[in-house]
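Following: one structure in structure tokens, then a few remarks.
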Amino acid sequence: MYLNDLLKKNTFSREELGYLLGLKGDGRKAFWERSAAVKKEVVGPKVYFRGLVEFSNICSKDCLYCGIRKSNEKVLRYNATDDEILEACRFAWENRFASVVLQSGELSSPAFVKRVDRLLKKIKQLSNNELGITLSCGEQTRETYRRWFESGAHRYLLRIEASNRELYAKIHPGTPEHSFEKRVEALHFLRESGYQVGTGVMIGLPFQTVEDLAGDLLFFREMDIDMCGMEPYIEHEHTPLYPYRHLLQSKQERFELALSMIAALRLLMPDINIAAATALQAIDPAGREKALTVGANVIMPNLTPCNYRRDYLLYEDKPCLDEDAELCRNCLEARIELAGSEIGYGEWGDSRHFFKRRGYKHS
Ligand code: SAM
Ligand code: SF4
């Protein structure tokens with residue numbers, strides 16, 4: 001009785017979200033069916049592609065969970081050439097993906113800022129201004145965000161990783177470059193600069209509780225985000241968090257909790273874009289399709305040149321290391337149809353929430 005009433009609501013307390021996240025068995029089935037219905041009703045059955053180009057694994061930061069952190073000397077560092085990046089973007093455009101995501105380690109040198117700026121202009125040029133561009137290059141100054149926006153980026157992904165600042169402090173070094181306040185401030189800068197703003201968290205981190213995750217969902221609503229990308233935390237041997245792996249839930253439990261986070265967010269913020277992120281597939285081969293079923297509506301086919309993929313290992317068992325862009329597209333197409341969705345080829349598929357908050361009518 002309590003669950004039926006709860007599932008009819010469109011706003012939830014931290015306790016109620018915690019309750020939803022803890023559901024198992026028939027209760028969870030009803031919860032996931034409700035989120036699937038809300039997704040269908042509000043954003044429809046379409047799935048939008050964002051071709052992901054992981055263009056460099058060089059990073060100045062040392063996040064304790066991440067395989068490409070600065071101090072991991074076992075990583076072979078790379079920086080894809082402009083031609084390689086533009087080639088991947090051309091593939092996206094020619095195959096009507098409509099959007100790309102440029103992702104990298106975090107650097108803030110003038111040379112890096114200038115390079116991204118130049119790439120943005122070239123991507124716009126090669127696609128007759130048609131390709132939508134999302135950036136995911138970490139924390140930058142307000143000026144840099146503005147400059148990149150003016151050069152053509154219109155969405156930005158910057159995960160808060162953990163919205164409980166005590167948990168944030170446990171998974172980052174205690175240096176000024178890894179400050180929680182700075183990350184939140186960066187999200188505000190992005191919003192002021194005009195971007196569609198995406199954030200997210202890792203699910204199943206050591207020391208993380210269900211209350212923390214419920215708090216993350218409320219943080220997303222408070223920040224009034226337009227897009228979200230959440231995925232299970234997966235350990236990596238050469239990171240400082242690895243010795244805490246005995247504290248982790250099983251991978252299957254982390255996976256199911258990630259699906260419940262997606263479902264709960266779809267109920268809490270029905271009109272935002274939610275990504276079915278890659279780490280879901282690292283645990284369950286059909287992980288991304290399952291995420292689409294419970295509430296996600298964006299997928300990021302990997303377009304990173306194959307020769308670099310093994311060096312962008314954020315966590316163990318990262319999938320699709322050998323699949324080239326063409327194979328990846330064919331495989332995804334089949335999987336998405338199996339999940340009962342259709343691909344919005346040639347459509348940007350921008351966040352409806354963004355248009356609503358800006359007072360535009362969504363076309
Ligand atoms: N450097 C930029 C940043 O940190 O915002 C963008 C690239 S970073 C590799 C992209 C995301 O990878 C991070 O936001 C983090 O959530 C995720 N990530 C890193 N290590 C991970 C792990 N061990 N398991 C799951 N996700 C991880
Ligand atoms: Fe660098 Fe991003 Fe990894 Fe942190 S999560 S170490 S900023 S690549």
Side-chain angles (χ1 to χ4, degrees), residues 48-61 63 65-70 72 75 77-82 84-89 91-92 97-109 112-113 115-120 122-123 131-140 144-145 148-149 151-161 183 186-187 190 195-202 227-231 234 236 273-282 288 298-315 318-321 323 325 328:
Y48 301 101
F49 275 181
R50 318 278 186 241
L52 175 64
V53 188
E54 297 153 332
F55 68 93
S56 170
N57 65 357
I58 304 171
C59 188
S60 63
K61 287 177 83 173
C63 306
Y65 42 83
C66 179
I68 61 169
R69 61 197 298 272
K70 178 176 77 177
N72 184 1
V75 175
R77 301 290 164 177
Y78 73 85
N79 204 358
T81 63
D82 283 11
E84 287 168 328
I85 299 168
L86 296 173
E87 201 40 54
C89 295
F91 176 92
F97 281 18
S99 294
V100 288
V101 180
L102 296 190
Q103 189 178 84
S104 68
E106 183 177 312
L107 290 179
S108 49
S109 62
F112 180 78
V113 172
R115 179 177 193 217
V116 172
D117 195 58
R118 186 179 67 231
L119 282 167
L120 291 168
K122 286 190 175 169
I123 294 168
L131 268 183
I133 311 174
T134 308
L135 287 177
S136 175
C137 304
E139 292 163 41
Q140 304 289 340
T144 298
Y145 285 147
W148 288 346
F149 184 80
S151 297
H154 76 299
R155 310 182 190 112
Y156 204 103
L157 291 174
L158 184 74
R159 290 195 186 150
I160 190 66
E161 318 292 3
R183 199 136 182 112
L187 285 170
L190 286 167
Y195 289 91
Q196 293 177 39
V197 181
T199 190
V201 292
M202 284 170 288
M227 322 179 289
C228 187
M230 301 182 280
E231 58 189 346
I234 302 180
H236 185 296
N273 278 352
I274 303 179
T278 316
L280 292 161
Q281 196 191 347
R288 289 188 296 181
V298 165
I299 213 157
M300 299 195 284
N302 198 338
L303 301 185
T304 307
C306 283
N307 50 325
Y308 297 130
R309 290 200 197 171
R310 281 176 200 285
D311 301 317
Y312 202 85
L313 272 198
L314 310 178
Y315 44 80
K318 194 163 174 244
C320 300
L321 295 182
E323 228 174 42
C328 176

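Note that this is a predicted model, so its numbers are computed, not measured.
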**Report entry** Worked check of side-chain contact (heavy atoms from CB on, under 4.5 Å) between Val116 and Thr144
**Finding:** CA-CA 10 Å; Val116 172; Thr144 298; over 6 Å; no
Requested in this report: Apply the test side chain to side chain donor-acceptor pair (under 3.5 Å) to residues Ser136 and Arg159: give CA-CA distance (whole Å), side-chain angles for both, the deciding distance (0.1 Å), then the verdict.
Outcome: CA-CA 9 Å; Ser136 175; Arg159 290 195 186 150; over 6 Å; no
Query raised in the report: Roughly how far, to the nearest 0.5 Å, is the OG atom of Ser60 from the NZ atom of Lys70?
Result: 7.0 Å
Query raised in the report: What residues form a side chain to side chain donor-acceptor pair (under 3.5 Å) with Glu106, not counting sequence neighbours?
Result: Lys61
Requested in this report: Determine whether His236 and Tyr65 make a side-chain contact, defined as any pair of heavy atoms from C-beta on separated by less than 4.5 Å.
Outcome: no
Requested in this report: Sequence neighbours left out, what passes ring pair (Phe, Tyr, Trp, His ring centres under 6.0 Å) with Tyr195? Give chain and number order.
Outcome: Phe149, Tyr156
Report summary line: The side chain to side chain donor-acceptor pair (under 3.5 Å) partners of Arg50 (sequence neighbours excluded) come to none
Query raised in the report: Side chains of Thr134 and Leu102: does their closest heavy-atom pair fall under 4.5 Å?
Result: no
**Report entry** Residue from Ile85, Leu120, Leu107 passing side chain to side chain contact (heavy atoms under 4.5 Å, CB included) with Arg115
**Finding:** Ile85
Query raised in the report: In Å, rounded to the nearest 0.5 Å, how long is the span from CD1 of Ile234 to CG of Leu314?
Result: 9.5 Å
Query raised in the report: Do the side chains of Ile160 and Arg183 get nearer than 4.5 Å, heavy atoms only?
Result: yes
Query raised in the report: Is Trp148 reaching over with its side chain to a backbone N or O of His154, donor-acceptor style, under 3.5 angstrom?
Result: no
Query - Chi angles and distances behind the side-chain contact (heavy atoms from CB on, under 4.5 Å) call for Val298, Met227 - result: CA-CA 9 Å; Val298 165; Met227 322 179 289; over 6 Å; no
Query raised in the report: Okay, side chain of Arg77, backbone of Asn57: is any donor-acceptor separation there less than 3.5 Å?
Result: yes
Query raised in the report: Where do Glu231 and Thr278 come nearest, in terms of heavy atoms and distance?
Result: OE1-N, 3.6 Å
Report task. Taking side chain to side chain donor-acceptor pair (under 3.5 Å) as the test, write out the residues that go with Tyr308, two or more places apart. Result -> Glu84
Query raised in the report: Counting only N and O atoms by type, is there a donor-acceptor contact under 3.5 Å from the side chain of Thr199 to the main-chain atoms of Leu158?
Result: yes
Query raised in the report: Which value, rounded to the nearest 0.5 Å, describes the distance between Ile274 atom CD1 and Met230 atom CE?
Result: 6.0 Å
Query raised in the report: Between Cys228 and Gly200, which heavy-atom pair has the shortest distance, and what is it?
Result: SG-CA, 4.0 Å
Query raised in the report: Is the backbone N or O of Cys63 less than 3.5 Å from a side-chain atom of Arg69, with the two atoms forming a donor-acceptor pair by type?
Result: yes
**Report entry** Pairwise distance CG(Leu119) to CD1(Ile133) - rounded to 0.5 angstrom
**Finding:** 9.0 Å
**Report entry** Non-hydrogen side-chain atoms of Ser151 and Arg118 separated by less than 4.5 Å
**Finding:** no
Query raised in the report: Are any side-chain N or O atoms of Ser56 and backbone N or O atoms of Tyr78, one a donor and one an acceptor, separated by less than 3.5 Å?
Result: yes
Report task. Measure across Cys59 and Gly105 and return the closest heavy-atom pair with its distance rounded to 0.1 Å. Result -> CB-CA, 3.8 Å
Query - Arg155/Leu135 under side-chain contact (heavy atoms from CB on, under 4.5 Å): CA gap, chis, key distance, verdict - result: CA-CA 6 Å; Arg155 310 182 190 112; Leu135 287 177; over 6 Å; no
Query - Under the ring pair (Phe, Tyr, Trp, His ring centres under 6.0 Å) test, residues paired with Tyr315 that sit two or more places apart - result: none
Query raised in the report: Leu313 and Ile68: side-chain contact (heavy atoms from CB on, under 4.5 Å), yes or no, with the steps?
Result: CA-CA 7 Å; Leu313 272 198; Ile68 61 169; 5.6 Å; no
Report summary line: Closest non-hydrogen atoms of Ile123 and Cys89, given as atom of the first, atom of the second and distance, are CD1-SG, 3.7 Å
**Report entry** Pair Glu54 + Arg309, salt bridge at N-O below 4.0 Å
**Finding:** no
Query - Residues in side chain to side chain donor-acceptor pair (under 3.5 Å) contact with Tyr312, at least two apart in sequence or another chain - result: Gln103
Report summary line: Rounded to the nearest 0.5 Å, the CG atom of Leu303 sits from the CZ atom of Phe49 at a distance of 10.0 Å
**Report entry** Separation of Ser109 OG from Ile58 CD1 (nearest 0.5 Å)
**Finding:** 9.5 Å
Query raised in the report: Can you tell if the side chain of Phe97 reaches within under 4.5 Å of the side chain of Met300, non-hydrogen atoms only?
Result: no
Query raised in the report: Closest heavy-atom contact between Arg288 and Ala276?
Result: CD-O, 3.5 Å
